[in-house]
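Report on the following structure.
Sequential numbering from 1 along the given sequence is applied to the chain's residues.
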Amino acid sequence: MHYIIQDGLLNDTHHVKLVEYLERRGLSYERVRFMPFIAEIEFTTKRKDVWCFGSTNMAIASKKYNWNPGTMYNDQHDSEIHLEKFGEHMLNHDGIVINFTDPLPENIGDENGLFFARPTKDSKIFTGQVFDRDSWNHYVKEVYDANATQYITGESKILICSAKNIQQEIRCWVVDGKVVTASLYRMGGRTLKQNYDGESDAMTFANQMAQIFQPARAFVLDICLADDEYKIVEINAINGAGFYEANMGKLVEALEEAFG
């Protein structure tokens, strides 16, 4: 395949490693400029067997070019669907879905009034994080005061649920139903990047979850250890996900075998 890689991301060590591996393997690639306000990609290739790596918005915009496979982003990347498919395997299985401007439910929040909120779709309109009622109401007001409603509307669906005590967070790259590489990216409250391919318990759980439901032939599955039990944090499109300490060789070879 020909790899389209969004420029401006190569300060990420693993985007550098991605390019180095593509060059060693003799696989073609180009660094491209993405213009988010008009959703256009500046590229030169005439090929159609293209794979994209970049932002979520670039992955979505790439659909217009009829590349194959191009991007794995689709309507199945929606936490409402994931909650239905995975049930109690989801960390936030106790959550409810509301519109962005709906009043918060009376019973939301822990004993300190804290709750977690994120968009239901893999749209990155805002980053999932912990709020209390005051900070959430302040955030909603900021969005409207800043006229940012081209990205977030009153009908944008969000998932809200109780805040959890998370011990570890791990990203797993799944291709054709199998985890090909994994990376720890958070330990407690600290960012800690470490390859996790040898962690059998985490890999076993992730592979079991991949047999329940796959939103695409390739995707990233974020799992966590919470109260000594593995749960799914979220599922995202593989084309726009950060690499952390993924084994780039394993990832590229899996993509080539599946789509090349």
Are [X] and [Y] in one and the same hydrophobic cluster, where Ile, Leu, Val, Met, Phe, Trp and Tyr link if side-chain heavy atoms are under 4.5 Å apart?
| X | Y | value |
| --- | --- | --- |
| Ile212 | Phe219 | yes |
| Val233 | Val130 | no |
| Phe259 | Trp67 | no |
| Leu255 | Ile4 | no |
| Leu27 | Trp51 | yes |

So which atom in [X] and which in [Y] form the shortest heavy-atom distance, rounded to 0.1 Å?
| X | Y | value |
| --- | --- | --- |
| Ile160 | Ala117 | CG2-CB, 3.7 Å |
| Met1 | Glu256 | N-OE2, 3.4 Å |
| Ser28 | Arg47 | OG-NH1, 3.0 Å |
| Val179 | Ala206 | CG2-CB, 3.6 Å |
| Val175 | Ala258 | CG1-CB, 3.7 Å |
| Phe34 | Ile41 | CD1-CG1, 3.8 Å |

Return yes if some donor-acceptor pair links the side-chain N/O of [X] with the main-chain N/O of [Y] below 3.5 Å, else return no.
| X | Y | answer |
| --- | --- | --- |
| Asn239 | Cys52 | yes |
| Asp197 | Ala182 | yes |
| Asn195 | Glu245 | yes |
| Glu30 | Thr45 | yes |
| Asn57 | Ala39 | no |
| Lys17 | Ala246 | no |
| Gln194 | Leu184 | no |
| Thr181 | Asn247 | yes |

Just checking [X]: does its [atom1] atom have more than 12 heavy atoms from other residues, nucleotides or ligands closer to it than 6.0 angstrom?
| X | atom1 | result |
| --- | --- | --- |
| Glu257 | CD | no |
| His93 | NE2 | yes |
| Lys178 | NZ | no |

Working to the nearest 0.5 Å, report the span between [atom1] of [X] and [atom2] of [Y].
| X | Y | atom1 | atom2 | value |
| --- | --- | --- | --- | --- |
| Met90 | Ser79 | CE | OG | 6.5 Å |
| His2 | Asp49 | NE2 | CG | 9.0 Å |
| Leu91 | Ile166 | CG | CD1 | 5.0 Å |
| Leu225 | Asn165 | CG | CG | 10.0 Å |
| Ile232 | Cys172 | CD1 | SG | 10.0 Å |

Extract all donor-acceptor atom pairs below 3.5 Å that involve side chains of residues 80-89 and protein atoms in other chains or at least two apart in sequence.
unit_1: His82; atom_1: ND1; unit_2: Asp78; atom_2: O; d: 3.4
unit_1: His82; atom_1: NE2; unit_2: Gln76; atom_2: O; d: 2.8

Legend entry - Whether Trp136 and Phe131 hold their rings parallel, tilted or perpendicular, with breakpoints at 30° and 60°: perpendicular
Inset, instruction - Please confirm whether Phe53 and Tyr29 have ring centers closer than 6.0 angstrom. - result: no
Any side-chain heavy-atom pair from [X] and [Y] closer than 4.5 angstrom?
| X | Y | value |
| --- | --- | --- |
| Glu20 | Val16 | yes |
| Phe205 | Leu221 | no |
| Tyr196 | Gln168 | yes |
| Ile96 | Pro105 | yes |
| Phe115 | Leu104 | yes |
| Arg25 | Glu253 | yes |
| Ser183 | Trp173 | yes |
| Tyr230 | Ile170 | yes |

Legend entry - Any pair counted as side-chain hydrogen bond (donor to acceptor under 3.5 Å, both in side chains), so long as it reaches residues 208-218, sequence neighbours left out: Asp176-Arg217
Inset, instruction - Run through Glu234, Gln167, Lys231, Arg186 and flag the one making a side-chain contact (heavy atoms from CB on, under 4.5 Å) with Cys224. - result: Lys231
Inset, instruction - Kindly determine whether Ile235 and Val174 satisfy side-chain contact (heavy atoms from CB on, under 4.5 Å), including the steps that lead there. - result: CA-CA 10 Å; Ile235 298 171; Val174 182; over 6 Å; no
Inset, instruction - Mind running side-chain hydrogen bond (donor to acceptor under 3.5 Å, both in side chains) on Glu169 and Tyr244 for me, showing each step along the way? - result: CA-CA 12 Å; Glu169 294 182 66; Tyr244 302 127; over 6 Å; no
Legend entry - Residue of the set Tyr3, Phe243, Tyr21 for which ring pair (Phe, Tyr, Trp, His ring centres under 6.0 Å) holds with His15: Phe243
Inset, instruction - Begin with the C-alpha distance, continue with both residues' side-chain angles, and end with the deciding distance and a verdict on side-chain hydrogen bond (donor to acceptor under 3.5 Å, both in side chains) for Ser135 and Asp132. - result: CA-CA 5 Å; Ser135 61; Asp132 60 22; 2.9 Å; yes
Inset, instruction - Applying side-chain contact (heavy atoms from CB on, under 4.5 Å), run through Leu18 and Val252 and close with a yes or a no. - result: CA-CA 8 Å; Leu18 169 63; Val252 170; 3.8 Å; yes
